Undergrad: 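After the C-alpha cells below, expect a handful of questions from me.
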Amino acid sequence: MTSLFQSHQLGALTLPNRVVMAPMSRVRAAPGGLATPSMATYYAQRATAGLIVSEGVQPSLIGQSNPGTPGLHTEEQQASWRPVTEAVHANGGRIFAQLMHGGRVSHPDTTGFQPVGPSAVPAVGEVFTPTGPQPTPVPRALETAEVPEHARSYAEAARRAVDAGFDGVELHGANGYLISQFLSTNANLRTDRYGGSVAHRIRFAVEAVSATVEAVGAARTGIRLSPGGTFWGVRETDVTELYTALLGELARLEVAYVHLEATADEEVLVALRRAWPGTLVMNPVLPMGPKQTGRSEADHWLGLGADLISFGRAFIANPDLVERLRTGAPLAPVDEATYYQGGDAGYLTYPALQYSA
C-alpha cells in the first residue's frame, strides 16, 4: 500500500511526503487584507508538509467573507505575501494559495458591498462582521453578464499569487462559498446558462478553473470540493451526477489535483475517485466535526486510492505534524478558543517535539 511518507509528483513539484496542510482560516491578516510577518512564521513552521494550502484568500473585495482575512487583489497585498512564500521555500516547503470568494456568505459591514450570489437566497446562519456575528443578508443575484468577471477574479488573483511566489493555487469550490453556491440546487435558482441542469450549474466552476489554467497553467491549479456538503445551507440533490460531470470537465483541463472533503458517503467518494484520473487529495474528516484526521484515517484513504491526505486542525497545534505521524508521537491538542482571536497566542506558540538524533 502507498505510504504517507512516500514522495509524489505534482506537476513540476516533487512532494517529499503525502501530507497536505489543509486550508484553514485564522483571521490574522493586517488591515487592508495584508499578510504579516507572523503569517510567514506560521507557515514556515509547517513547511515539512508535502504541500501547504494557505487559508482562504479573497480574489476581490466583494469576495471577502470574514473580517481579518487576507487578499490577493491589490499590489500591496501581493507584495505582502512575498515574505510568506520566501519563508516557506527557505524551510524547504511548497505552498499553494487557496482562492476563496465568499459569494453570499459575507456582509456589507465587512466589505461595504451587498454580497452577491447566483440567486437572491440568503445563506443559513450568522456571518462574522467587524462588530460580531450577524444574520447573513440577502445577496444580490448576479446578472448573467456579470458572472464571467467573478469567474475571472480567481484567475487574476492566481496570477498575483504566482507573482508573489506561490507554487500554485487552489480554488475554493467547497463549503457553501461562491463556486459551491452555483453547484447547489437551492442556492442557485437561475434559469439562464448558469442554472438549472447539471451542465449549467457546473459552468461557473468550469469557467473559473479554465480562466485560472489559462492564467497560471494547469500544473499550478487545483480545486477543493465538498460533494453533498450542506455548509451555510446549500443543498445538492444529484451529487454523483453533478460531481462526475464536473470531474470530467476538470480532467479535460488537466488540473493539478482535486481536493475532496468527506462530505458524502464513502461509496460516493470512492466512485468519484474512480471518475477522476488525476491526483486526488482527500480530507477524511469534516472541518467542524468532533474528530481530527490522524494516521488511521490517512492510511484508510490511501488504501482507497487517494494520493495525498490533508490534515487541518492537527496542523494547528503540531507544526511538526509530519514527524509526529512518522514516529507515532502523540498529537498536541488544539486550543479552540484561539482559533480566531488574533495575535500570536495559539498561532505561533505550539512547540515542536524535541527529537533525539
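Note that the coordinates shown come from a computational prediction; the quantities given were computed from them, not determined experimentally.
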Undergrad: Any idea how F96 and Y257 line up, ring-wise: parallel (<30°), tilted (30 to 60°), or perpendicular (>60°)?
TA: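 Because their plane-to-plane angle lies in the 30° to 60° range, the rings of F96 and Y257 count as tilted.
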Undergrad: How about H300 and E266: does a side-chain donor come under 3.5 Å of a side-chain acceptor?
TA: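 Indeed, the side chains of H300 and E266 share at least one donor-acceptor pair under 3.5 Å.
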Undergrad: Does any non-hydrogen side-chain atom of P70 lie less than 4.5 Å from one of E55?
TA: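 Touching, per the 4.5 Å side-chain cut-off.
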Undergrad: For a salt bridge (Lys or Arg N to Asp or Glu O under 4.0 Å) check, start with the C-alpha distance between E146 and R140, then their side-chain angles and the critical distance, and finish with the verdict.
TA: CA-CA 12 Å; E146 292 180 282; R140 180 178 66 81; 2.9 Å; yes
Undergrad: Is the backbone N or O of S65 less than 3.5 Å from a side-chain atom of T69, with the two atoms forming a donor-acceptor pair by type?
TA: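 Side chain of T69 to backbone of S65: no pair is present.
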Undergrad: Can H8 and T279 be counted as having a side-chain donor-acceptor contact under 3.5 angstrom?
TA: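 Per modelled atom types, H8 and T279 side chains form a pair under 3.5 Å.
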Undergrad: Would you say the side chain of D335 lies within less than 4.5 Å of the side chain of Q341, judging by non-hydrogen atoms?
TA: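 No. Closest side-chain heavy atoms not under 4.5 Å.
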Undergrad: May I ask you to decide if I316's main-chain N or O and R46's side chain share a donor-acceptor pair within less than 3.5 Å?
TA: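 Pair found, side chain donor or acceptor close to backbone of I316.
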Undergrad: When the ring centroid of Y177 is compared with that of H172, is the distance short of 6.0 Å?
TA: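 Close enough - the centres of the two rings lie under 6.0 Å apart.
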Undergrad: Closer than 4.0 angstrom, basic N to acidic O: yes or no for E249 and R252?
TA: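 Between R252 and E249 there is a salt bridge, with a charged N closer than 4.0 Å to a carboxylate O.
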Undergrad: Just say parallel, tilted or perpendicular for the rings of Y347 and Y42, cut-offs at 30° and 60°.
TA: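 Parallel, since the angle between the ring planes stays under 30°.
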Undergrad: If you apply the rule salt bridge (Lys or Arg N to Asp or Glu O under 4.0 Å), what do you find for D299 with R295, and how did you get there?
TA: CA-CA 6 Å; D299 287 344; R295 182 70 185 272; 3.3 Å; yes
Undergrad: Quick test of your reading of the model: are R152 and E149 salt-bridged, counting only N-O distances below 4.0 Å?
TA: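 Salt bridge: no.
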Undergrad: Donor-acceptor check, side chain of Q78 to backbone of A161, threshold 3.5 angstrom: yes or no?
TA: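 Checked: no pair found.
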Undergrad: Answer with yes or no whether the side chains of T131 and T129 bring together a donor and an acceptor at under 3.5 Å.
TA: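 T131 and T129 do have a side-chain donor-acceptor pair below 3.5 Å.
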Undergrad: List the steps, then state whether salt bridge (Lys or Arg N to Asp or Glu O under 4.0 Å) holds for D307 with R273.
TA: CA-CA 10 Å; D307 300 292; R273 159 72 283 187; 3.0 Å; yes
Undergrad: Judged by atom type as modelled, is there a donor-acceptor pair below 3.5 Å linking the side chain of N175 to the main-chain atoms of S226?
TA: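 Not confirmed, N175 side chain does not pair with S226 backbone.
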Undergrad: Strictly distance-based, threshold 3.5 Å: is any side-chain N or O of S7 a donor or acceptor partner for the main-chain N or O of N17?
TA: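 No, because the side chain of S7 does not come within donor-acceptor range (under 3.5 Å) of the backbone of N17.
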Undergrad: Is a side-chain donor or acceptor of R94 paired with a backbone partner of G50 at a separation under 3.5 angstrom?
TA: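 Judged by distance alone, yes, a pair lies under 3.5 Å.
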Undergrad: Is it the case that S310 and H259 place a side-chain donor and acceptor less than 3.5 Å from each other?
TA: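 Yes, side-chain donor-acceptor contact under 3.5 Å.
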Undergrad: Are the side chain of Q181 and the backbone of G102 linked by a donor-acceptor contact shorter than 3.5 Å?
TA: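 Present.
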Undergrad: Keeping the roles fixed (side chain from R203, backbone from R193), state whether a donor-acceptor pair exists under 3.5 Å.
TA: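 Such a contact is found between R203 side chain and R193 backbone.
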Undergrad: Do you see a donor-acceptor pair shorter than 3.5 Å between the side chains of Q98 and S54?
TA: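 Judged by distance alone, the side chains do not pair up.
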Undergrad: Backbone N or O of Q77 within a donor-acceptor pair of the S80 side chain at under 3.5 Å?
TA: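 It does hold such a pair.
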Undergrad: Ring-plane angle category for Y154 and F204, please: parallel below 30°, perpendicular beyond 60°, tilted otherwise.
TA: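 Y154 and F204: perpendicular rings.
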Undergrad: Could you tell me whether the side chains of Q64 and S106 share a donor-acceptor contact shorter than 3.5 Å?
TA: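 S106 and Q64 do not have a side-chain donor-acceptor pair below 3.5 Å.
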Undergrad: Under a 3.5 Å threshold, yes or no: a donor from one side chain and an acceptor from the other, between T14 and Q9?
TA: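 There is such a pair (donor and acceptor under 3.5 Å, judged by atom type) between the side chains of T14 and Q9.
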Undergrad: Taking the side chain as C-beta and beyond, is there a heavy-atom pair between V127 and P133 under 4.5 Å?
TA: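 No - every pair of side-chain heavy atoms lies 4.5 Å or more apart.
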Undergrad: State, with a plain yes or no, whether a side-chain heavy atom of H101 is found less than 4.5 Å away from one of I62.
TA: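 Yes, side chains in contact.
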Undergrad: For Q45 and Y350, does a side-chain donor sit closer than 3.5 Å to a side-chain acceptor?
TA: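 Q45 vs Y350: no donor-acceptor pair found between side chains.
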Undergrad: Can a side-chain donor-acceptor contact be found between N188 and R201 if the only test is distance below 3.5 angstrom?
TA: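 No, N188 and R201 have no side-chain donor paired with an acceptor closer than 3.5 Å.
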Undergrad: Do the side chain of T136 and the main chain of A123 share a donor and acceptor less than 3.5 angstrom apart?
TA: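 Flag set: sc T136 to bb A123 pair under 3.5 Å.
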